[in-house]
Enquirer: 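One structure, as structure tokens, below. Some questions next.
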Amino acid sequence: MSSDATTAQEALTFTDLGLSPKVLSAVTDAGYTKPTPIQAGAIPHALLGKDVLGIAQTGTGKTASFVLPMLTRLEKGRARARMPRTLILEPTRELAAQVEENFIKYGKNHKLNIALLIGGVSFDEQDKKLERGADVLIATPGRLLDHRERGKLLLNGVEILVIDEADRMLDMGFIPDIERICEMIPFTRQTLFFSATMPPEITKLTEKFLHAPVRVEVSKAASTATSITQRLVKSGSKPWDKRETLRNLIKAEDSDLKNAIIFCNRKVEVSELFRSLLKHDFDAGALHGDMDQRARMQMLANFRDGKLRYLVASDVAARGLDIPDVSHVFNYDVPIHAEDYVHRIGRTGRAGRSGKSFTIATRSDTKYVDAIEKLIGTKIEWHDGDLSTVTESEGEDSPRRGRGTPRRAGRKDEDRKGRGERKKERHARHGEDEMPETAREEQPVAEVADIAERRVRKDAIRSENDRKGSANRNEQRGNGRSQRDHNRPARHRQEEDDATVGFGDDVPAFMRIVAKV
DNA sequence: AAAAAAG
């Protein structure tokens with residue numbers, strides 16, 4: 001490590017950093033004048049072609065700290081077919097897409113070919129972009145290696161390599177892939193390496209793949225602790241109890257609540273809660289890794305644009321996602337790993353705003369709550385009395401839940417069961433009148449993803465209609481429906497027809513229709 | 001007890 005980049009950041013503006021006029025003009029147009037500490041520290045060195053080790057959390061302006069100097073450096077030279085000039089590795093598809101957006105935003109004065117290589121979407125378009133010659137290649141590791149193995153991609157022309165969120169890659173078991181990829185790229189490259197923390201494995205990686213890096217360390221966004229109000233909320237431990245707790249909480253917060261991310265620990269819970277909220281007329285979307293990629297993208301976009309007020313999500317959304325104005329974070333489940341708590345609540349209180357987080361806790365969560373409090377170094381206040389006052393509803397063996405009703409099945413269980421058996425179980429559950437309404441809303445992940453996807457399609461059709469400004473909606477609708485829809489079972493088609501009733505510009509009506517299903 | 005990523 002050569003030097004710590006300590007500069008008088010107060011005095012700095014973007015014009016002092018050595019960026020090209022094209023980049024500066026895009027930065028100005030985006031409304032920024034003053035670089036963040038990580039930007040001020042990293043950009044001058046990155047522009048000189050040095051390796052950079054950036055230690056910074058998300059939300060510190062880290063992305064621009066590599067995007068801006070890369071754009072400046074890319075102005076010289078051209079990309080050749082199948083030989084990208086730069087490569088950015090990201091741990092999740094959403095983060096990769098977010099980086100692409102940054103390149104589009106700040107690269108608007110450049111003529112750049114940007115290729116996004118992520119899983120869950122078709123190869124064709126990605127192949128075409130590679131063939132054309134990519135100046136910027138943004139990828140998740142799996143899909144990148146897939147392209148390489150198919151011979152569509154040569155990495156020996158890469159001039160700049162960015163490894164982002166390295167510690168998260170480690171958590172996700174990507175390090176062997178990262179090492180493989182690093183070894184495919186000539187060592188004459190420049191490497192920009194970012195991590196929020198520096199566990200020993202990551203330090204080893206930097207020693208192996210970075211050459212005399214400039215270390216830029218940014219203290220944790222001091223705002224996190226101060227601008228987020230944190231509360232614990234007691235709840236009975238049954239799913240219907242927790243859902244009711246959540247609904248009451250949301251309603252009580254209504255006047256303060258602009259929008260909220262609601263985190264669950266598991267994908268099935270995301271699906272269940274999502275459906276439940278729709279049923280109760282909440283303006284909700286869902287996001288987890290088993291959903292169709294288009295649905296994932298659309299849900300996130302709609303939440304960002306304010307078309308959805310609530311986003312029920314797994315930890316895929318816990319880190320790094322840049323959604324500027326989230327007023328509330330609800331933890332429907334206490335995260336099992338304390339660090340995840342910090343990442344989750346960090347989705348609110350961003351950019352100097354204040355935020356609120358509520359964590360629903362049951363008796364069995366005590367030890368996880370303790371671990372969180374230990375990690376953050378403070379006790380979290382209870383919102384409305386602690387768990388000693390909570391009343392648990394009946395257990396699973398009780399008549400309330402009914403005989404033989406299986407406990408919530410994990411995905412593996414679901415997969416092992418035949419269709420018929422699952423159907424039988426659903427029928428059994430529906431026969432139980434005394435069971436709370438919300439307790440019945442169980443639905444395999446795939447089906448919810450399917451619903452999500454149909455919503456996405458409707459949304460797409462709607463924007464298409466808006467764009468054309470057509471007078472004849474019915475005709476448009478007919479045209480907009482794909483062949484696949486006609487192949488759907490009648491019940492689904494019916495839903496879709498229902499859903500298009502009252503297709504207005506003001507109200508996303510399709511949501512309420514889905515809720516009636 | 002989970003999630004993420006290549007199918």
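Below, all heavy atoms of this structure are taken into account, side chains as well, without hydrogens, waters or symmetry copies.
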Enquirer: Taking side-chain contact (heavy atoms from CB on, under 4.5 Å) as the definition, give me every residue that meets it alongside A:Asp333, ordered by chain and number, with sequence neighbours left out.
Expert: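 For A:Asp333 the side-chain contact (heavy atoms from CB on, under 4.5 Å) partners, ignoring immediate neighbours, are A:Lys242, A:Cys264, A:Asn265, A:Glu269.
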
Enquirer: Does A:Tyr368 reach a base, just sugar-phosphate, or nothing at all? Heavy atoms under 4.0 Å.
Expert: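 A:Tyr368: base contact, heavy atoms under 4.0 Å.
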
Enquirer: Applying salt bridge (Lys or Arg N to Asp or Glu O under 4.0 Å) as the test, list every pair that has at least one member in residues 113-130 of chain A; sequence neighbours left out.
Expert: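 Checked against salt bridge (Lys or Arg N to Asp or Glu O under 4.0 Å) - neighbours excluded - the pairs reaching residues 113-130 of chain A are A:Asp127-A:Arg150.
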
Enquirer: List the residues meeting ring pair (Phe, Tyr, Trp, His ring centres under 6.0 Å) with A:Phe303, not counting sequence neighbours, and say none if there are none.
Expert: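 Expected list: none.
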
Enquirer: Taking ring pair (Phe, Tyr, Trp, His ring centres under 6.0 Å) as the test, write out the residues that go with A:His147, two or more places apart.
Expert: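 Residues passing ring pair (Phe, Tyr, Trp, His ring centres under 6.0 Å) with A:His147: A:Phe123.
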
Enquirer: Quick one: what's the B/S/- string for nucleotides 2-7 of chain B, heavy-atom cutoff under 4.0 Å, read 5' to 3'?
Expert: BSBBSS

Enquirer: Go through the structure and list residues passing side-chain contact (heavy atoms from CB on, under 4.5 Å) with A:Lys208, not counting sequence neighbours.
Expert: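 Per chain and number, A:Lys208 pairs via side-chain contact (heavy atoms from CB on, under 4.5 Å) with A:Glu179, A:Glu183.
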
